[in-house]
Peer 1: 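One structure, pasted below without further comment.
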Amino acid sequence: MTDLSRLRDVLRGAKRSGATPMLAPQTPSVDLEAFAAVLGGALEDGPSGPCPVVRWWCGGDAGDAPYGDQLGAASSTISAAGLRALCGSGHEGEPPWSDSDPRSGLLFFDLETTGLSGGSGTVAFVVGFGCFVGSRFHVWQFVLPSFATERRLLAAVTAAVSRAHTLVTFNGKSFDVPFMEMRWLYQRLETPLPALRHVDLLHPARRLWGPETGGLGGLEHRVLGFRRDDDVPGFEIPARYFDYLRSGNPRPLRGVLAHNQLDLVSLGVLTGMACDLVDRGALATGSARQSLGLGRLYARGGREAEALGCYERAVALTSGARRTSKVDAVAVRAEALYRLALACRRQRRHSDAARYWQTLIDLGRRPTGVFEREALRALAVHHEHRLKDPEGALTFARRAYTVEYTAGRRREVQRRLTRLERRLANETN
DNA sequence: GAGACTTGTCGTGATACAGA
DNA sequence: TCTGTATCACGACAAGTCTC
C-alpha cells in the first residue's frame with residue numbers, strides 16, 4: 001500500500017467517525033478584494049463565502065484569440081459521437097451528451113498546484129474551468145488567497161461542477177482528478193467528481209498525434225502550430241505561489257493564470273479537432289500513423305468496421321514502405337497489418353488474415369518484434385490446419401523457432417515442429 | 001472418445017509518460 | 001519527485017474443434 005493510499009484510508013475512517021476537520025476554517029488574513037483585483041478578477045459569492053474568481057473570454061469578438069479560426073472551428077466540431085470515442089471504456093449507462101448540443105454540460109478542467117506529490121501540504125491554488133459558449137471560449141478560475149480558505153474554494157468548485165456532466169482534462173485521470181478528490185477528502189467534504197464522465201485527452205491525443213506528444217505544450221506546437229511566448233514553465237509555478245505567500249504580492253500569479261487559461265483553450269481546441277477526426281473517419285486522417293491511431297480509438301469503442309477501414313488506409317498510405325524505407329513508415333505498416341490480421345482472424349476470415357500475415361513477413365523487417373513473431377506462428381497454424389500443407393507449415397515453424405526467445409513460446413513451437421516432422425516422416429514411409 | 005490443438009480472454013508485471 | 005494510466009509481453013485457463 002502506498003503512503004497516499006494509507007492516508008486516504010485514514011481520512012475516510014476519520015470522516016466516517018465524525019472527527020473534526022484537521023484544518024478548521026479560519027478567517028483569511030489577506031484583503032480578498034485587493035487580491036482579486038490585482039489578478040484582474042473579482043470576489044464572487046460561493047456556498048461557503050466569497051471567493052476570488054478571474055474570468056476571461058476568447059474567440060468571437062471578445063478578448064484574445066490565441067488560435068484564431070481554430071477556436072470557432074473546434075466549437076462546432078465537438079460531437080456526441082466524438083466524445084463517446086474519446087471517453088473510451090469503463091462508463092456504464094447512457095452517455096450524457098446530447099446530439100443537438102454536445103457542448104452543453106461539458107467542462108474543461110485544469111489545476112495549478114503547489115507541487116506534484118499530492119501530499120497533505122500540497123494544494124491547488126488555481127482551479128480553472130473552461131466551456132464553449134457559441135463560438136467563444138469562457139474561462140473562469142478560482143484562486144486560493146491562503147491555505148485557510150481552501151474549504152471555501154472547494155465548496156465553490158463543487159457548485160461549479162454540479163451543473164456539468166463531463167470533465168475534459170489532460171492527464172486528469174492520473175493527476176487533476178485524484179488530486180482534487182484528495183483535497184475534498186482532506187477537508188471532510190463530499191467529492192462531486194465520481195458522478196461525472198471524464199474524458200482524459202492525453203491518451204487519445206497520443207494515438208492521434210503520435211506517442212511523443214511532448215505534453216500539452218508539445219501538442220500545441222506540433223498540432224496547432226502555436227508557440228507560447230513568456231509562458232511560465234511548470235516547474236516555476238509552485239515557487240511563484242510560495243513567493244506570494246511570503247511577500248503578500250499576488251502580481252507574479254498573473255503569469256500562472258495566463259498559463260492555466262492557455263492550457264484550457266488548447267484543451268478545448270484539441271478536443272474539437274479530435275472529435276472532428278472521429279466523425280470524419282479514415283479519409284480525414286493526414287498520415288498513416290494517424291489512421292492507425294484512429295483505428296485503435298474506434299476498436300476500443302467497439303467500432304470494428306471503422307477500425308478496419310483505418311488500418312486499411314494506414315496500409316495503403318505506406319504501400320511503398322520496405323525495410324530500407326523510413327523506420328516510422330515500416331513500423332506503422334507492420335502494426336496496421338498485424339491489427340488487420342487479428343481482426344480478420346476474429347471474424348474467421350482466415351484466408352484474409354493469412355494474406356495480411358504474409359504481407360507483414362514480406363516487409364522484410366527482422367522478425368524479432370511481436371508482430372513478425374505472431375505472423376510466423378499464425379502462418380504455421382494456417383498452413384498446417386487449413387491449407388493441409390505440412391511442408392509449408394514446417395518452414396514457418398522453423399523460422400518461428402529461431403525468433404522465439406521465451407521458454408514457453410519456444411516449447412510451443414517445438415511441439416509443432418515435432419508433430420509436423422513426424423507427420424511428414426509417416427507420409428514418406 | 002480421449003487427448004491435442006486453436007482461439008480468445010483475463011490477470012500480472014514491467015515500462016514509459018504525463019501532470020506542477 | 002510521485003502516482004495513475006495505457007500499453008505490451010507473457011502465462012494460465014476455458015471453450016470449442018479437430019485428430020488419431
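First the proteins, then the strands, lettered A, B, ... as listed; each starts at 1.
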Peer 1: I need the minimum non-hydrogen distance between A124(A) and F179(A), along with the two atoms involved.
Peer 2: N-CE2, 3.6 Å
Peer 1: Scan D110(A) against the nucleic acid and name what it touches under 4.0 Å (heavy atoms): base, sugar-phosphate only, or nothing.
Peer 2: sugar-phosphate
Peer 1: Given pairs defined as Watson-Crick or G-U wobble with both distances under 3.5 Å, what dot-bracket annotation applies to DNA chain C, with ( ) intrastrand, [ ] crossing, | other strand and . unpaired?
Peer 2: .|||||||||||||||||||
Peer 1: Are any protein N/O atoms closer than 3.5 Å to N/O atoms in nucleotides 12-14 of chain B? If there are, list each pair with its distance.
Peer 2:
none

Peer 1: Which one, dT6(B), dC8(C), dA18(B), comes nearest to the side chain of L202(A)?
Peer 2: dA18(B)
Peer 1: What's the closest nucleotide to the side chain of R296(A) if the choices are dC17(B), dT7(C), dA6(C)?
Peer 2: dT7(C)
Peer 1: Please list, by residue number, the residues of residues 248-269 of chain A whose heavy atoms come closer than 4.0 Å to an atom of DNA chain B; answer none if no residue qualifies.
Peer 2: D263(A)
Peer 1: Where the side chain of F170(A) is defined as all heavy atoms beyond and including C-beta, which of dG19(B), dA6(C), dC8(C) is the nearest nucleotide?
Peer 2: dG19(B)
Peer 1: Identify which nucleotide among dA6(C), dA20(B), dA18(B) has an atom closest to any side-chain atom of K173(A), counting heavy atoms from C-beta outward.
Peer 2: dA6(C)
Peer 1: Hey, can you pull the residues of residues 223-245 of chain A with a non-hydrogen atom under 4.0 angstrom from DNA chain B?
Peer 2: G234(A), I237(A), P238(A)
Peer 1: Not counting sequence neighbours, which residues clear side chain to side chain contact (heavy atoms under 4.5 Å, CB included) with L245(A)? List them please.
Peer 2: F147(A), Y241(A), F242(A)
Peer 1: Shorter than 3.5 Å, N or O on both sides, protein versus nucleotides 17-20 of chain C: list them out with atom names.
Peer 2:
from, atom 1, to, atom 2, distance (Å)
dT19(C), OP1, K388(A), NZ, 2.6

Peer 1: Who are the side chain to side chain contact (heavy atoms under 4.5 Å, CB included) partners of E384(A), not counting sequence neighbours?
Peer 2: A393(A), R416(A), R419(A), L420(A), R423(A)
Peer 1: Partners of Q70(A) by side chain to side chain contact (heavy atoms under 4.5 Å, CB included), sequence neighbours excluded?
Peer 2: Y67(A), L224(A), V269(A)
Peer 1: Between dT1(C) atom C1' and F179(A) atom CZ, what is the distance in whole Å?
Peer 2: 14 Å
Peer 1: Report the residues that fulfil side-chain hydrogen bond (donor to acceptor under 3.5 Å, both in side chains) with D276(A), sequence neighbours left out, ordered by chain and then residue number.
Peer 2: R280(A)
Peer 1: Please tell me which of the listed nucleotides, dG19(B), dC8(C), dT6(B), lies nearest to the side chain of L216(A)?
Peer 2: dG19(B)
Peer 1: Going by the rule salt bridge (Lys or Arg N to Asp or Glu O under 4.0 Å), which residues pair with R246(A) if we only count those two or more places apart in sequence or in a different chain?
Peer 2: D243(A)
Peer 1: Does NZ or CZ of R183(A) fall inside the cone over Y186(A)'s six-membered ring, less than 6.0 Å from its centre and within 45° of the axis?
Peer 2: yes
Peer 1: Salt bridge or not between R355(A) and D362(A)? Use side-chain N to carboxylate O under 4.0 Å.
Peer 2: no
Peer 1: Taking only residues two or more places apart in sequence or in another chain, which ones pass side-chain hydrogen bond (donor to acceptor under 3.5 Å, both in side chains) with T114(A)?
Peer 2: none
Peer 1: Start with the C-alpha gap between T158(A) and E190(A), add the side-chain angles, then the distance that decides, and say whether side-chain contact (heavy atoms from CB on, under 4.5 Å) holds.
Peer 2: CA-CA 9 Å; T158(A) 299; E190(A) 282 297 323; over 6 Å; no
Peer 1: dC8(C), dA6(C), dG19(B): which one has an atom nearest the side-chain heavy atoms of H203(A)?
Peer 2: dA6(C)
Peer 1: Choose from dT6(B), dA9(C), dT5(C) the nucleotide whose nearest atom is closest to any side-chain atom of R373(A).
Peer 2: dA9(C)
Peer 1: Check the phosphate of dT5(C) against R206(A), side-chain N and O only, distance under 4.0 Å to OP1 or OP2. Yes or no?
Peer 2: no
Peer 1: Identify which nucleotide among dC8(C), dT6(B), dG19(B) has an atom closest to any side-chain atom of R416(A), counting heavy atoms from C-beta outward.
Peer 2: dT6(B)
Peer 1: For A258(A), which residues count as a side chain to side chain contact (heavy atoms under 4.5 Å, CB included) partner, sequence neighbours excluded?
Peer 2: Q261(A)
